[in-house]
Structures are given as structure tokens and as C-alpha cells.
Amino acid sequence: MRVPSVRAGRLGAAAILVLTAGSLAVAAGPAGASPTTVADCDPAGNIMLNPTTVVSGGSVNVGWHVVNIAGCNPAIISERISGPGFQGDEAVTTSGSRTVTLSQPGPSTATWTLSVATRFGETALDEQSATVEPAFTVNGLAGATIAFPDASGTETKTQIHSEARSTGAPVKSGTRVSLFNVGADYEAAYQGANGDLWVVAPDGTATDTGLGMAAGTGPSITATGASSFTVAFQANTGALWTYSSVTGGRSVGFGMAQGTSPSVTLTSAGVAIAYVDPNGNLAVIDPVTGFGGYGTPHAPVAPGTSPAITYIPNQKDAYEIVYQAPDHSVRTADHAHAQTFPTPLTAAAGTSPAITTLPSGEIDIAVNGSDGTVQTLTSTGTATTIGFAFPAGTSPAIAPAAGGGAVVAWEDVDNTINTFVTGVGVTRTGVSMFPGNSPAIAQITSLTR
């Protein structure tokens with residue numbers, strides 16, 4: 001009997017199938033008897049798949065055919081198939097077909113095995129596989145994940161081949177979702193339609209913290225450990241608050257300007273928060289020195305806009321802040337609490353800049369520019385006008401790109417998300433989001449500061 005393989009695990013102690021040319025030989029069983037062999041007993045079979053590539057959730061027709069099984073000694077008891085759409089190692093007829101729906105996510109492989117069984121075990125005759133592709137592919141993310149309210153307002157995290165929708169309340173209109181990697185996945189935070197701060201696990205499971213937020217504001221989230229995070233937000237009292245996944249919520253004790261949102265990052269010393277104080281000036285909560293202001297004597301921020309903060313690597317308690325000034329110029333400040341610094345960028349009224357730290361230590365900025373197009377600036381001084389428009393009052397997001405450089409995300413005038421990757425260019429992802437909102441973007445990065 002010529003066969004490609006034997007499932008020794010199903011033979012037990014009774015016997016072992018031995019391959020011989022043109023016959024099926026069986027070693028002695030417990031009684032020590034030598035069963036006879038039947039010449040030309042040569043079972044054969046094959047599996048036919050149509051199609052051999054399918055999108056997750058699609059169907060495959062699995063056909064099979066077995067021949068040369070009559071008169072074998074030991075006798076062929078049954079023909080069997082294992083694989084998706086079959087009940088374990090299911091007994092089947094010698095020929096047939098079955099349409100199977102493949103619900104497993106892609107990219108993956110679905111495999112079927114056809115075998116014949118005797119009282120001593122099974123012998124595999126054929127094995128065939130189908131390629132399962134993802135139900136969708138989102139290009140242009142450069143390894144990152146985006147978070148946004150979808151067309152129905154549901155907080156949604158999308159990666160290249162998967163998405164997770166929040167189980168919580170819809171995102172409150174006019175507010176922004178925040179996203180950061182916590183460990184090897186992503187945690188999100190947003191203001192729900194009920195006005196509370198919500199946090200969302202990687203699988204979409206949402207938790208209402210019960211902490212009320214100020215109207216028209218969004219939270220900011222950062223990782224503080226392999227499985228812990230901190231969220232900064234403006235409470236419905238107008239005060240700056242934080243929510244820790246470990247210790248819960250607490251007031252920081254400082255007021256904020258109406259309609260503005262804080263930004264949080266993790267430095268080598270702890271959590272730093274940039275925000276706009278009640279007088280409209282840039283301020284920071286430093287993990288070492290406490291409260292601090294900027295400028296001589298102040299650093300005013302454009303009304304209705306918010307700063308963004310990121311860490312500076314390989315320095316003690318170091319960070320950089322970017323914000324829009326009242327004259328629409330984009331300025332930066334750092335942990336030295338000194339005078340702020342101008343950049344060559346100008347921002348559109350009512351928009352807020354974004355900032356990120358690359359693994360190389362480079363710090364990149366993205367703005368929705370005063371010329372109506374998205375722009376970027378690196379810490380080495382390279383400015384790029386991406387040249388794509390955005391809806392009024394929306395803001396971009398920026399994160400490290402997996403292949404180096406940065407990836408920028410923004411909502412375009414068609415209410416879909418576009419991205420720009422350094423050295424690659426613009427990708428229209430086709431992902432729709434709620435009109436007038438701004439996406440968030442994050443990349444898996446190290447907590448080493």
C-alpha cells in the first residue's frame with residue numbers, strides 16, 4: 001500500500017502500519033498473528049478546493065475522492081476528513097463535496113486532511129490548504145494604528161488587517177479620541193456622549209470611569225508601564241484631572257482654559273502634562289518641579305487650541321511641547337521652562353498641532369497649516385507641505401513609522417482618513433470617520449526614556 005504518511009498517534013499499541021510496495025502490511029498485534037496481505041490494495045485519494053484563496057468570512061468548496069479500497073486486509077473501515085467545516089475527524093463517503101464558510105481571521109491558512117481508517121489506525125492520503133486573506137486591508141499606516149469615531153460615532157481602532165469597535169457610548173460630537181500603545185497593543189480614551197471619560201481596551205471593551213469631562217474637550221493617554229496607563233483630561237469643573245489605570249481619578253489642582261485639552265507624556269522621571277491655564281497661557285505639570293509656566297512673562301496660546309507634548313530621550317525629565325500662538329505661528333517649548341521658540345510653520349485657526357518622538361531621537365511636528373494643507377517639520381529643520389486639504393477646525397495626528405520617519409493622519413474633506421509617510425507619500429485609506437472630528441495615531445514604541 002503506497003501512502004504518504006501514517007498517523008501513529010491513532011494506532012495505539014495494537015499495530016503499526018508498515019509501508020510496502022503495492023500492499024498494506026501489518027505488524028503482529030497482541031495475539032502475535034500475522035495478518036495476510038492483499039496484493040494491489042493501494043488506497044488513493046485527493047482533496048479539491050475551489051477557490052484556494054478566500055477572504056475571511058467567504059466560502060470554499062471542499063471536494064474529495066477515494067479509490068482502491070475494496071478487498072484490503074485489514075479492511076478499510078471508513079474514509080475521513082478533518083479541517084474547517086468538518087466535525088473533528090469526520091467519517092465521509094468515498095466521494096463528495098461540501099461548501100465551508102471560513103470564519104477564521106486572515107492572514108492565515110485553512111487545511112484539510114483526507115485519510116482512510118482500519119482497525120489499527122489511519123493513513124493520510126492527501127492534504128490541501130487554502131489561503132485566508134483579511135476581510136479588509138488598510139494601507140498607508142506604516143505599522144501604526146489609528147483611532148477615530150466612525151460614521152456612526154463609535155470609537156474605532158483600525159490596524160492594517162483588523163479593527164476593534166468600542167462597546168461603550170458613542171464619542172461625543174466635537175471631541176477627539178486619544179490613543180497610545182500599552183505593552184504590545186493599544187489603549188484608547190475618549191469623552192462619551194454621556195460626558196464621561198471612557199477608556200477602551202485593545203479588544204474594544206470600554207469602561208465608563210464615571211468621571212465627567214468639560215464640554216468640547218478630549219483626553220490624552222500615555223503608557224506608564226507594560227500594562228498601565230495614565231489619562232489627562234479637563235474635568236467638568238474646569239480643573240485638570242488624571243485617571244490612572246492603577247489608582248483611579250484625581251484632581252491635579254489647577255484650572256484650565258475653557259474648551260482646551262491637555263496632553264500627556266511619560267518622561268524618565270514620570271508623567272508630564274502640558275495644558276492651557278485659565279488665562280490662556282501655556283503651562284506644564286512637571287513630575288520633578290511641579291507646576292511651571294513659560295515665556296517672559298507668559299506664552300499665550302491661540303484661543304480654542306491645545307498644546308501637544310512628547311518626551312526627549314536620553315535626558316533626565318526631558319520633554320518638548322508644541323502649540324499654536326495667538327498670531328497662528330507654531331511655537332515650541334521644552335523642559336527648561338524658558339522662552340518659547342518659533343518654527344517656520346503657521347497653523348489654521350482653531351486647529352492644534354501634533355508632536356512625536358521617533359526611535360532615532362528625532363522629534364517631528366504636524367500641523368493643519370494656515371494655507372489649508374497639512375504640513376510637517378522635523379527637529380533637523382526639514383519642512384514638508386503635504387498639500388492635502390482638511391475640514392475647518394480639525395487637527396492632524398503623528399506617530400513614528402515602522403520603516404523610519406513619521407506617519408501623519410488627518411481627516412480629509414471627504415470625511416475619510418488620509419496618511420502621509422516619510423519617503424512614501426500620501427495614502428487615501430478609504431476609512432470613513434465622523435465629520436468634523438480628528439483621528440489619533442500611535443505606534444508600538446519602547447518605554448525606555
Do side-chain atoms of [X] reach the backbone of [Y] as a donor and acceptor pair under 3.5 angstrom?
X      : Y      : answer
Arg176 : Pro439 : yes
Arg250 : Thr247 : no
Gln191 : Ala214 : yes
Tyr190 : Lys172 : no
Thr222 : Thr265 : no

Can you name the nearest heavy-atom pair linking [X] to [Y], along with the distance?
X      : Y      : answer
Leu240 : Ile285 : CD2-CG1, 3.8 Å
Gly218 : Pro262 : O-CD, 4.0 Å
Ser166 : Thr154 : O-CG2, 3.7 Å
Pro396 : Ser352 : CD-O, 3.7 Å
Ala399 : Thr356 : CA-OG1, 3.7 Å

Answer whether the closest heavy-atom distance between the side chains of [X] and [Y] falls below 4.5 Å.
X      : Y      : result
Phe434 : Ser173 : yes
Val116 : Glu79  : yes
Leu377 : Thr382 : no
Thr242 : Val252 : yes
Phe388 : Val426 : yes

Do other residues, nucleotides or ligands put more than 12 heavy atoms under 6.0 Å from Glu127 CD?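 Result for CD/Glu127: enclosed.
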Between the side chains of [X] and [Y], does any donor sit under 3.5 Å from an acceptor?
X      : Y      : value
Ser379 : Asp364 : no
Ser152 : Asp150 : yes
Thr378 : Glu362 : no
Thr310 : Thr357 : yes

Considering the options Asp317, Asn314, Leu266, Thr267, which one meets the side chain to side chain contact (heavy atoms under 4.5 Å, CB included) requirement together with Arg449?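 For Arg449, the side chain to side chain contact (heavy atoms under 4.5 Å, CB included) test succeeds with only one of Asp317, Asn314, Leu266, Thr267, which is Leu266.
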In Val55, Val431, Thr158, Ile160, the residue satisfying side chain to side chain contact (heavy atoms under 4.5 Å, CB included) with Phe136 is Thr158
What do the steps show when you test Leu179 against Ile441 for side chain to side chain contact (heavy atoms under 4.5 Å, CB included), and what is the final call? CA-CA 6 Å; Leu179 181 73; Ile441 191 167; 5.8 Å; no
Phe254: what forms a ring-ring contact (aromatic ring centres under 6.0 Å, His included) with it, not counting sequence neighbours? Phe291
I'd like to know if Lys157 pairs up with Glu163 as an ion pair, taking the criterion as any Lys NZ or Arg NE/NH1/NH2 lying under 4.0 Å from an Asp or Glu carboxylate oxygen. no
Please test Tyr275 against Leu282 for side chain to side chain contact (heavy atoms under 4.5 Å, CB included), starting from the C-alpha separation and ending with a verdict. CA-CA 6 Å; Tyr275 66 102; Leu282 180 65; over 6 Å; no
Begin from the C-alpha positions of Ile355 and Ile363 and carry the test side chain to side chain contact (heavy atoms under 4.5 Å, CB included) through to its verdict. CA-CA 7 Å; Ile355 193 168; Ile363 293 176; 3.6 Å; yes
